[in-house]
Protein chains: 2
Amino acid sequence: MLSKKTQYAFHALIYLAENVDKGPILISEIAQEKSISIKFLENILLELKNSGILGSKKGKGGGYYLMKPPKEIALAKIIRLLDGPIALLPCVSLNYYERCENCRDEAVCGLNEVMGRVRDSALKILENKTLKDILTKS
Amino acid sequence: MLSKKTQYAFHALIYLAENVDKGPILISEIAQEKSISIKFLENILLELKNSGILGSKKGKGGGYYLMKPPKEIALAKIIRLLDGPIALLPCVSLNYYERCENCRDEAVCGLNEVMGRVRDSALKILENKTLKDILTKS
DNA sequence: CATAAATCCTATAAAAAAGATAGACTAAAT
DNA sequence: ATTTAGTCTATCTTTTTTATAGGATTTATG
């Protein structure tokens with residue numbers, strides 16, 4: 001399961017995407033609209049900013065905004081950033097690979113193979129679906 | 001990611017499946033072969049037994065054994081049992097559903113829809129692949 | 001330039017989950 | 001009776017997750 005952090009990030013990003021035309025959006029506004037603790041959300045948005053997903057402006061009239069159009073922000077990127085590996089096992093993770101300690105040889109491990117396929121099927125969706133694809137259907 | 005508990009369970013089950021013809025297998029043997037803490041493994045095997053996946057025999061000549069042939073034990077079942085939901089969000093979980101607190105209406109939530117598809121693509125594999133499919137390729 | 005508005009940043013606390021261990025109990029074999 | 005091996009429940013430790021606190025910094029504007 002995705003952590004609350006990642007879930008909150010998605011909801012915040014959706015809100016930002018749905019209000020792209022309104023300039024910078026306040027943390028407090030997002031927190032209220034999406035029922036998220038404001039201080040927790042602050043940390044999350046900061047992290048997204050430091051990774052280049054969001055931009056921000058301080059002072060009056062400030063807030064957060066998307067650095068790229070929603071259709072260019074893949075869901076996989078957000079998950080990896082805040083939650084880490086998408087794969088179910090370390091030994092099949094593309095971005096956070098770790099050797100398996102309980103099997104002798106990954107090359108002949110059937111578990112490795114199946115979990116690799118699960119990863120691929122998830123990535124096929126998560127790498128191609130973007131923020132634009134998860135906006136509220138109107 | 002799957003917990004260590006679930007990962008250990010898979011390795012133990014693989015070992016049991018690869019030795020079905022040898023009668024009950026000792027916890028200590030599995031622990032040694034797969035480099036798993038014996039006490040931790042004990043708890044895991046007990047849980048698998050109480051769920052009907054494994055059977056056991058006490059005393060001399062005792063140990064654990066599979067209750068069904070490997071090809072009838074789906075991977076999804078093991079994961080759900082020890083790790084909980086396979087879905088990435090509570091609001092798209094078939095077995096551990098919880099309402100989403102941050103969105104107004106799941107019916108129009110695009111995140112819900114996409115994550116539902118990710119769940120389906122994972123289940124398509126995990127419900128159909130069994131213990132038999134993850135045995136060491138010889 | 002002063003003030004208010006907002007994000008930035010780091011630290012820390014609290015709670016929950018994961019990982020691991022301990023030890024007494026029960027059942028079976030011989 | 002003794003040994004062997006699983007059963008059960010409790011507890012401990014560590015790590016991760018979730019959340020909060022509060023001062024620092026930047027910007028707009030009168």
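Residue numbers start from 1 in every chain, and the chains themselves are labelled A, B, ... in the order their sequence lines are given, proteins ahead of strands.
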Q) Where is the tightest heavy-atom contact between A:Val92 and A:Arg119, given as atom of each residue plus distance? A) O-NH1, 2.7 Å
Q.
Quick check: closest heavy atoms across B:Glu101 and A:Lys4, and the distance to 0.1 Å?
A. OE1-NZ, 3.8 Å
Q.
Could you tell me how far apart B:Leu45 (CG) and C:dA20 (C1') are, to the nearest whole angstrom?
A. 15 Å
Q. Would you say B:Asn19's side chain and B:Tyr15's backbone share a donor-acceptor pair under 3.5 angstrom?
A. yes
Q: Find the distance A:Leu41:CG to D:dT18:P and express it as a whole number of Å.
A: 14 Å
Q. Does a distance-only test, which skips hydrogens and angles, find a donor-acceptor pair under 3.5 Å between the side chain of B:Asn43 and the base of C:dT21?
A. yes
**Q.** Interatomic distance, B:Met1 CE vs D:dT16 C1' [rounded to whole Å]
**A.** 13 Å
Q | For atom CG of A:Leu2 and atom C1' of D:dT16, their distance in whole Å | A | 16 Å
Q. Just by protein heavy atoms under 4.0 Å, how would nucleotides 25-30 of chain C read 5' to 3' in B, S and -?
A. -BSBS-
Q: List the steps and the verdict of side chain to side chain contact (heavy atoms under 4.5 Å, CB included) for A:Ile30 and A:Leu45.
A: CA-CA 10 Å; A:Ile30 304 173; A:Leu45 296 182; 4.1 Å; yes
Q | N or O in side chain of A:Ser37 less than 4.0 angstrom from D:dT18 OP1/OP2 | A | no
Q. Do A:Glu127 and A:Arg80 sit within salt-bridge range, that is, some charged N less than 4.0 Å from a carboxylate O?
A. yes
(Q) Closer than 3.5 angstrom, by distance alone: can the side chain of B:Glu18 be matched with the main-chain N or O of B:Thr136 as a donor-acceptor pair? (A) yes
(Q) By the 4.0 Å heavy-atom rule, please label A:Lys39 as base, sugar-phosphate, or nothing. (A) base
Q | Spacing of A:Gln7 atom CD relative to D:dT18 atom C1', expressed in whole Å | A | 12 Å
Q) Between C:dG23, C:dA20, D:dT20, which nucleotide gets closest to the side-chain atoms of B:Glu42? A) C:dG23
Q. Are OP1 or OP2 of D:dA19 and a side-chain N or O of A:Tyr8 less than 4.0 angstrom apart?
A. yes
Q.
Heavy atoms from C-beta onward define the side chain here; which of C:dG19, C:dT21, D:dG6 lies closest to that of B:Ile27?
A. D:dG6
Q | Atom-to-atom span, CZ of B:Phe40 to C1' of D:dC12 - whole angstrom | A | 14 Å
Q: Check the distance between D:dG23's P and A:Leu46's CG and give it to me in whole angstrom.
A: 19 Å
(Q) Quick check for you: to the nearest 0.5 Å, what is the distance between B:Leu54 atom CG and B:Ile73 atom CD1? (A) 7.5 Å
Q.
What's the closest nucleotide to the side chain of A:Asn50 if the choices are C:dC9, D:dA10, D:dT20?
A. C:dC9
Q: Looking only at side-chain atoms of B:Leu26, point me to the closest of D:dT20, C:dG19, D:dG6.
A: D:dG6
Q) D:dA19 C1' sits how many Å from A:Ile38 CD1, rounded? A) 13 Å
